[in-house]
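Before any comments, here is the structure.
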Amino acid sequence: MLISEEDIRKRVIELADKISADYKDKKPILISVLKGSIVFLSDLIRRLKIKSCIDFVAISSYGGDTESSGVVRQLLDLRESPVGQDLLIIEDIVDTGMTLDYLRNNLLTRHPKSLKICVFLDKKESRKIKVPLDYIGFEIPNEFVVGYGLDHKEIYRDLPYIGVLDVKKIK
Ligand code: IMP
Ligand code: MG
């Protein structure tokens, strides 16, 4: 176990308070990157003290293993128009940065009023492309982690805590 359920709970409240203060009197669209961020999103929205909308995109950069393929594909786009809106991307984890860089550039072409990024986990050491992160839950070492929405080959999303996958055991 890397991050306990209790530590997650406390940190989500802190993030929600900060976001609520920063977006006071605004109604941001929280753009959740499927599938990994849904658990974080659902905890976060219940702690926000402001009005917000949710929308979803699906982006894939992983071929199912523990290393990024380097190829980013958008699988699902927003339902609502982002034009003139305050957008807050909600992502589970940033690793190489390719997924968020792709999504950020894509959304910026659609003239939002503002665009910020909130990530639950930041694997700072493995960054290949710099992406501006506005809210970070936890910085973690360069290990493959699962739980709290994050999977390995679709398994372990249901764990209530963040654990490090023992790569030797599953190969
Ligand atoms: P990036 O494009 O390399 O930054 O990778 C971001 C995406 O890869 C995330 O949205 C996750 O879906 C996935 N990912 C990266 N690291 C991990 C991990 O440790 N566990 C589970 N998924 C991960
Ligand atoms: Mg993801």
Side-chain angles (χ1 to χ4, degrees), residues 1-5 7-9 11-12 15-16 19 28-45 54-79 82 87-110 112 115-171:
M1 189 169 78
L2 188 66
I3 309 171
S4 72
E5 212 177 333
D7 287 348
I8 292 173
R9 196 186 66 82
R11 188 67 186 127
V12 168
L15 287 172
I19 292 168
I29 303 179
L30 308 184
I31 299 177
S32 167
V33 185
L34 292 171
K35 304 172 187 169
S37 70
I38 59 152
V39 178
F40 178 41
L41 172 78
S42 62
D43 279 352
L44 192 68
I45 52 171
I54 57 172
D55 208 340
F56 297 91
V57 292
I59 288 168
S60 173
S61 71
Y62 272 67
D65 215 329
T66 57
E67 300 255 315
S68 174
S69 66
V71 180
V72 179
R73 286 186 304 152
Q74 181 151 3
L75 309 174
L76 176 82
D77 200 10
L78 298 174
R79 180 176 280 232
L87 309 181
L88 180 59
I89 298 173
I90 307 291
E91 175 62 313
D92 52 359
I93 187 165
V94 54
D95 183 15
T96 64
M98 280 187 282
T99 305
L100 278 178
D101 181 66
Y102 173 91
L103 178 61
R104 183 173 174 273
N105 290 329
N106 177 314
L107 292 174
L108 283 175
T109 64
R110 304 193 218 173
L115 174 60
K116 285 193 187 185
I117 300 178
C118 173
V119 293
F120 182 62
L121 300 175
D122 178 11
K123 275 194 207 174
K124 221 174 177 177
E125 294 156 35
S126 39
R127 201 63 36 79
K128 288 186 184 154
I129 303 177
K130 261 199 177 171
V131 197
L133 303 177
D134 301 281
Y135 307 96
I136 299 168
F138 298 92
E139 280 182 15
I140 62 163
N142 191 11
E143 305 260 23
F144 196 84
V145 292
V146 292
Y148 199 63
L150 290 127
D151 73 307
H152 177 253
K153 297 188 177 171
E154 298 300 322
I155 314 289
Y156 307 118
R157 293 192 196 275
D158 52 345
L159 293 178
Y161 56 86
I162 294 288
V164 175
L165 188 74
D166 189 339
V167 183
K168 273 173 272 152
K169 274 194 187 155
I170 51 130
K171 281 211 167 143

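Ligands are counted one by one from 1 in listed order, and the atoms in each one are counted from 1 as well. This one's a predicted model, so the numbers in the text were calculated from it and none came from an experiment.
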Please determine if V145 has a nitrogen or oxygen closer than 3.5 Å to a nitrogen or oxygen of ligand 1. yes
In terms of atom number and element, which parts of ligand 1 are under 4.0 angstrom from non-hydrogen atoms of [X]?
X    : value
T96  : 1 (P), 2 (O), 3 (O), 4 (O)
E91  : 9 (C), 10 (O)
M98  : 2 (O), 4 (O)
L150 : 20 (N), 21 (C), 22 (N)
I93  : 6 (C), 9 (C), 10 (O), 11 (C), 14 (N), 15 (C), 16 (N), 17 (C), 18 (C), 19 (O), 23 (C)
E143 : 19 (O)
K123 : 16 (N), 17 (C), 18 (C), 19 (O)

For residues N142 and E125, report the shortest heavy-atom separation together with the two atoms involved. CB-OE1, 3.9 Å
Heavy-atom pair with the smallest gap, counting every atom of C118 and L44: SG-CD2, 4.4 Å
With atom 2 (O) of ligand 1 as the reference point, say which of V94, V146, T99 has the nearest heavy atom. T99
Which residue, I93, T96, V94, forms the side-chain contact (heavy atoms from CB on, under 4.5 Å) with K123? I93
Whether [X] lies under 4.0 Å from ligand 1, heavy atom:
X    : result
V33  : no
G36  : no
D151 : yes

Crowding at OH, Y156 (>12 non-hydrogen neighbours, <6.0 Å): no
Between D101 and R127, is there a side-chain N and carboxylate O pair less than 4.0 Å apart? no
Carboxylate-amine/guanidinium contact D151 R157, below 4.0 Å: yes
Side chain, backbone, both or neither: which part of V72 comes within less than 4.0 Å of ligand 1 when only heavy atoms are counted? neither
Examine the proximity of ligand 1 to H152 and report which part, side chain or backbone, both or neither, has a heavy atom under 4.0 Å away. neither
Assign the ring pair F120 / F138 to parallel, tilted or perpendicular, where the plane angle (0 to 90°) is split at 30° and 60°. perpendicular
Could you tell me whether the side chain of I29 reaches within less than 4.5 Å of the side chain of L88, counting heavy atoms only? no
Is any side-chain heavy atom of L87 closer than 4.5 Å to a side-chain heavy atom of K116? no
